[in-house]
Amino acid sequence: MKSMSAHYWLMKSEPDEYGWDDLVAEKEGIWDGVKNAQASNNMKAMKTGEQVFFYHSRQGLEIVGIMVVSEEAFPDPTDETGRWIAVKVKPERKLDNPVSLKAMKQNPKLSELAIIRQSRLSVASVTEDQWQEILAMSQAE
DNA sequence: GCCAACGTTGGC
DNA sequence: GCCAACGTTGGC
């Protein structure tokens, strides 16, 4: 059954606003302010314990670490309309080496990666193969 | 800073 | 219910 397998994810944030170090300092962060249907649906599908790449957008343009879903979808406290949801995440570990967007674009195994195909999607799913490939890239040299 | 891509809004 | 105008995101 394919529903048995854990899902992997990637979420973006501008380090100016909320970067990896901010999450580490907080120990647990609320991922809020997502107002996009596709991104929101991805967040609704997240289960506690699933792993999420933390990507720095605008500045950095690289995956810097891995976080873990610590609380599944609940109403976004920053959203007055009540339409949007948030999740909670905890930092798991920093990658040995960050994996840049440039490097991912150059890797043919990652050509289907959601953030490459659709750069504006801020919360995306990552396949097991893609996840393993990115991890391997973070360990290279 | 610019602008392409994409989503949302609102006039008709 | 279409679509032009507008706003936002994020790579470059």
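Hydrogens, waters and symmetry mates are skipped; everything else that's a heavy atom, side chains included, is used. Everything numeric in this text was worked out from a predicted model, so none of it was measured. Numbered from 1 within each chain, the chains take letters A, B, ... in sequence-line order.
Atom CD in A:Glu17 sits about 11 Å away from atom C1' in C:dT9, given to the nearest Å. One interatomic measurement links the two molecules: CG of A:Leu10 to P of C:dG10, which rounds to 11 Å at whole-angstrom precision. What separates CD of A:Gln118 from P of B:dC6 is a distance of 6 Å, to the nearest Å. Rounding to whole angstrom units, CZ of residue A:Arg83 and P of B:dT9 are separated by 6 Å. The distance from atom CG of A:Leu121 to atom P of C:dG10 is 9 Å, rounded to the nearest whole Å. One interatomic measurement links the two molecules: CD1 of A:Ile115 to P of C:dC12, which rounds to 11 Å at whole-angstrom precision. The separation between A:Gln38 atom CD and B:dT8 atom P is 10 Å, rounded to whole Å. Separating the CD atom of A:Glu14 from the P atom of C:dT9 is a distance of 8 Å, rounded to the nearest angstrom.
Between A:Ala73 and A:Ile85 the shortest heavy-atom distance is CB-CD1, 3.7 Å.
No N or O donor and acceptor, one from the side chain of A:Arg58 and one from the base of C:dT9, sit under 3.5 Å apart.
Closest-nucleotide positions on DNA chain B for A:Ser119 and A:Lys35 were compared, and the one nearer the 5' end corresponds to A:Ser119.
Residue contacts for A:Lys105: at a heavy-atom cut-off of 4.0 Å it reaches the sugar-phosphate backbone alone, with no base atom in range.
In this structure, a donor-acceptor pair under 3.5 Å is absent between the side chains of A:Asn97 and A:Gln139. No side-chain N or O of A:Gln51 forms a donor-acceptor pair with one of A:Trp9 less than 3.5 Å apart.
Checking C:dG11, C:dG10, B:dG7 against the side-chain heavy atoms of A:Asn36 singles out B:dG7 as nearest.
Listed pair A:Tyr55 / C:dT9 fails the phosphate criterion, with no side-chain N or O lying under 4.0 Å from OP1 or OP2.
A:Glu50 places a side-chain N or O within 3.5 Å of a backbone atom of A:His7 that can act as its donor or acceptor partner.
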